[in-house]
Visitor: 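What follows is a single structure, and I will ask about it in a moment.
Just follow the structure's listing: the first ligand is 1, and inside any ligand the first atom is 1. Scope of the values below: all heavy atoms of this structure, side chains included, with no hydrogens, waters or symmetry mates.
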Amino acid sequence: MIKVGILGANGRMGRVLIEAVHGHVNTELGFASVRESSSFIGVDAGELAGIAKQQVMVSALSDEVVKTADVLIDFTLPEALEQNLQLALAANKPIVIGTTGLTGEQLNFIDEAAKSIPVVFAANYSVGINLMLNLVQHAASVMGDDADIEIIEGHHRFKKDAPSGTAMAIGHAIANTLGRDLSKCAIYGREGLSGERSPETIGFATVRAGDIVGDHTALFATLGERLEITHKASSRLTFAKGALTAACWLKEQNKGLYSMQDVLGLV
Ligand code: NAP
């Protein structure tokens with residue numbers, strides 16, 4: 001059994017990760033950690049997740065706690081990333097990172113950490129989205145030079161970053177296929193007299209509403225037809241199960257930076 005340590009255990013993803021570990025045949029809960037100031041410290045992790053007691057108490061994140069797991073899973077917020085990576089490095093533990101909305105500097109922390117420990121970093125841990133990343137590259141290679149390309153994403157009202165990390169990953173996959181630099185060709189929303197569309201641009205549109213778990217569409221439109229490739233996540237468990245697949249895979253890997261596509265053998 002692989003002992004999984006969950007960082008940010010009280011978050012939406014943290015709670016679902018506890019539930020996923022409970023239902024997974026090859027993993028068990030090493031620890032479930034929260035901030036030092038959290039009122040959840042000492043609560044049974046199962047109760048926090050709304051399932052049966054797990055006999056693992058929620059703890060404050062520390063060097064000692066991190067040592068009790070084989071693999072760490074971090075779905076928190078960007079401001080927690082550096083500390084979480086430092087703890088993983090100090091304990092020499094592999095880490096699966098799902099946090100999105102990271103700055104260039106934070107992405108560099110991940111690159112640096114991966115020189116010493118195994119790291120999986122993915123904006124989306126669902127099988128369907130990782131397959132979609134391949135499908136949009138195929139569509140871009142066939143239609144991309146003629147089609148207007150737009151990426152439309154929707155998430156719940158609480159999501160903090162936009163466009164989603166997954167929408168950006170889809171944009172990068174398409175731009176790389178077409179030899180475009182996304183930082184130069186991306187258009188984030190339009191307003192007023194925005195003018196005619198430039199053919200080389202890739203547009204992003206963001207919806208934030210209710211409890212949408214995660215919808216993504218890549219649209220390739222010419223003057224005679226439209227191709228839409230759409231993925232809809234209906235439960236956060238799909239991300240949590242994918243993260244556990246990544247954790248089990250990562251335990252057997254050497255230091256380095258890996259994607260979910262590496263985990264699933266899609267590259
Ligand atoms: P959430 O409910 O807001 O939970 C965030 C967690 O991070 C909470 O436990 C929070 O603790 C903790 N946290 C935030 N700032 C911290 C800090 N400075 N130090 C320590 N802990 C801190 O968010 P969520 O919906 O679970 O999503 C978490 C992340 O995963 C987001 O970036 C989201 O976009 C991403 N995500 C990725 C995937 C994927 O497949 N890659 C899927 C879904 C979500 P407090 O409550 O104490 O603040």
Visitor: Identify every side-chain donor-acceptor pair in residues 133-142 under 3.5 Å, counting partners at least two apart or on other chains, and give the distances.
Guide:
from   : atom 1 : to     : atom 2 : distance (Å)
Asn134 : OD1    : Gln261 : NE2    : 3.3
Asn134 : ND2    : Leu266 : O      : 3.2
Gln137 : NE2    : Leu133 : O      : 3.0
Ser141 : OG     : Gln137 : O      : 3.4
Ser141 : OG     : His138 : O      : 2.7

Visitor: Can you hop from Leu257 to Leu72 via hydrophobic side chains spaced under 4.5 Å?
Guide: yes
Visitor: If you compare all heavy atoms of Phe121 against all heavy atoms of Thr99, which two are closest, and at what distance to 0.1 Å?
Guide: CE1-O, 3.5 Å
Visitor: How long is the straight-line distance from CD of Gln86 back to CG of Leu81, given to the nearest 0.5 Å?
Guide: 9.5 Å
Visitor: Working to the nearest 0.5 angstrom, can you tell me the gap between Ile129 CD1 and His231 NE2?
Guide: 4.5 Å
Visitor: So if I only count non-hydrogen atoms and take anything under 4.0 Å from ligand 1, which residues does that give, chain by chain?
Guide: Gly8, Asn10, Gly11, Arg12, Met13, Arg35, Phe75, Thr76, Leu77, Glu79, Ala80, Gly98, Thr99, Thr100, Ala122, Ala123, Asn124, Tyr125, Lys159, Lys160, Asp161, Phe239
Visitor: Would you please say whether a donor-acceptor pair under 3.5 Å links the side chains of Asp161 and Thr100?
Guide: yes
